[in-house]
There are 2 protein chains.
Amino acid sequence: MSTRRTELTRAAARLFAEKGYHGTSTADLADALGVQKGSLYSHIESKADLLWEVASEGSAAFHAALDSVPDEGPVVERIRLALRAHLRVVAEQLDVATVFTREWRYLEGERRERFLDERRRYEERFRALFREGREHGELRTDLDDATATLLALSAANWAYTWLRAGVDTDALADRFTALLLDGMRGYASR
Amino acid sequence: MSTRRTELTRAAARLFAEKGYHGTSTADLADALGVQKGSLYSHIESKADLLWEVASEGSAAFHAALDSVPDEGPVVERIRLALRAHLRVVAEQLDVATVFTREWRYLEGERRERFLDERRRYEERFRALFREGREHGELRTDLDDATATLLALSAANWAYTWLRAGVDTDALADRFTALLLDGMRGYASR
DNA sequence: TCGGGACGCTAACGATCGTTCGGAAGGCGG
DNA sequence: CCGCCTTCCGAACGATCGTTAGCGTCCCGA
């Protein structure tokens with residue numbers, strides 16, 4: 001993809017994250033490139049293309065990050081790595097992560113469905129970790145893994161609102177993991 | 001406040017939650033009332049007024065819910081009640097909660113600042129619970145209460161994306177609390 | 001040296017945006 | 001019955017929306 005086209009996508013990610021998809025006009029996008037708004041259409045067919053592209057980039061980045069987590073080994077460790085992977089993507093590609101998490105819903109038609117498939121698949125990959133942990137006895141056998149997944153994904157999905165570049169996301173993910181595993185009470189109950 | 005004016009606010013909450021603030025036109029709002037868009041201006045001075053009103057309603061609802069949590073007693077119990085209170089507001093006033101959590105950022109000027117003050121104060125009230133729990137020894141003394149607060153607030157703030165009316169939010173909040181307190185491993189570590 | 005593709009310009013399109021205005025119903029208290 | 005208040009209408013405002021069109025300009029490979 002040509003340089004100019006890439007610049008446009010980057011500007012779109014930044015502006016969509018900052019002002020929202022509907023809050024960003026083609027004039028805003030053109031200004032970011034120092035160009036007239038009509039000139040954008042040498043590169044795209046519509047503004048919606050840019051949203052689709054950035055959202056897809058987010059899907060790809062999060063799935064790729066999860067791919068780096070091994071299929072084998074202690075589940076507890078893999079959960080830690082999955083959280084690390086997710087938070088790293090959020091911090092390093094904050095704009096893309098924001099569009100992936102918040103602005104995707106302005107996708108329309110078949111693209112919206114395709115995006116939702118990817119998003120559901122991503123959450124399913126998380127859920128599988130917690131289920132496996134319960135089934136293999138690494139996590140408590142009476143664990144409500146649906147709730148546990150929800151809690152972990154909430155932390156992951158909310159991160160774009162407060163995470164900023166430069167934070168040590170590995171340490172952060174490890175703190176989340178420690179809390180999720182052992183709780184705040186710190187000793188066994190019931 | 002007159003009936004008609006209240007209807008308008010309710011329609012605004014619903015549409016802003018469904019299509020976003022910038023994705024909702026004054027024509028959409030007028031349609032919801034079965035009226036011409038010019039007629040809206042018998043009730044409001046601008047579309048931004050409606051956003052401010054719904055966002056403020058959210059602030060009031062969440063703060064009021066927290067007010068029902070006692071100042072005394074076991075912190076662990078109060079955390080449970082605080083989560084219950086929050087999730088109840090989300091489920092019972094999903095539109096308002098959505099605007100409070102996602103659409104507020106399109107507020108402008110002094111209103112934006114005032115909203116942010118309320119939002120920060122709300123989070124601070126949560127944070128105080130976890131800090132107190134650590135200081136009083138109800139939670140482990142080496143607890144990272146900033147991270148613990150972040151985890152709890154993530155669960156609370158993300159809820160609007162998946163919670164639907166009719167769910168037993170008390171039971172849900174209790175499951176979250178149990179997980180936060182004792183973790184998924186279910187026995188003491190270190 | 002020529003041809004073509006990449007890129008941007010100016011100008012304009014119809015549609016829709018949020019908002020304003022003057023006037024007209026209808027109900028209700030005096 | 002009068003006069004006010006609330007509510008809405010119909011029409012229009014200027015601004016901005018996303019998009020299209022035709023036409024230059026530049027560079028690069030043939």
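Labels below follow one simple rule: chain letters A, B, ... track the order of the sequence lines, proteins then strands, and each chain is numbered from 1.
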Cation-pi check for [Y] against [X]: NZ or CZ below 6.0 Å from the six-membered ring centre and within 45 degrees of the axis, yes or no?
| X | Y | value |
| --- | --- | --- |
| B:K19 | A:Y106 | no |
| B:R119 | B:F100 | yes |
| B:R125 | B:F62 | no |

With heavy-atom distances below 4.5 Å as the criterion, would you say the side chains of [X] and [Y] are in contact?
| X | Y | result |
| --- | --- | --- |
| A:H63 | A:E118 | yes |
| A:V69 | A:L66 | yes |
| B:L181 | B:L139 | yes |
| B:V54 | B:W104 | no |

**Message:** What verdict does the side chain to side chain donor-acceptor pair (under 3.5 Å) test give for A:R88 and A:T169, after you've listed the backbone C-alpha separation in whole Å, the side-chain angles of each residue and the deciding distance to 0.1 Å?
**Reply:** CA-CA 6 Å; A:R88 193 179 309 124; A:T169 51; 4.9 Å; no

Atom [atom1] of [X] and atom [atom2] of [N]: how far apart are they, to the nearest Å?
| X | N | atom1 | atom2 | result |
| --- | --- | --- | --- | --- |
| B:E7 | D:dC8 | CD | P | 8 Å |
| A:L8 | C:dC7 | CG | C1' | 13 Å |
| B:Y106 | C:dC17 | OH | P | 17 Å |
| B:D49 | C:dG18 | CG | P | 13 Å |
| A:K47 | C:dT16 | NZ | P | 15 Å |
| B:R5 | D:dT6 | CZ | C1' | 14 Å |
| B:I44 | D:dC8 | CD1 | P | 12 Å |
| B:K19 | C:dT16 | NZ | C1' | 13 Å |

**Request:** Would you jot down, in residue-number order, the residues of residues 33-43 of chain B having a non-hydrogen atom under 4.0 Å from DNA chain D?
**Result:** B:V35, B:Q36, B:S39, B:S42, B:H43

**Request:** Specify the angle, to 10°, made by the local axes at the two ends of the helix from C:dT19-D:dA12 to C:dG30-D:dC1 when five pairs are taken at each end.
**Result:** 10°

**Request:** Would you indicate what A:S25 reaches in the nucleic acid, counting non-hydrogen atoms under 4.0 angstrom: base, sugar-phosphate, or nothing?
**Result:**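 Sugar-phosphate: the residue A:S25, judged by heavy atoms under 4.0 Å, touches backbone atoms but no base.
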
**Message:** Does B:M184 form a side-chain contact (heavy atoms from CB on, under 4.5 Å) with A:R134? I'd like the steps, not just the answer.
**Reply:** CA-CA 9 Å; B:M184 328 189 277; A:R134 171 177 54 78; over 6 Å; no

**Message:** Does D:dC8 have OP1 or OP2 under 4.0 Å away from a side-chain N or O of B:R4?
**Reply:**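 So the side chain of B:R4 is within the cut-off, an N or O lying under 4.0 Å from OP1 or OP2 of D:dC8.
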
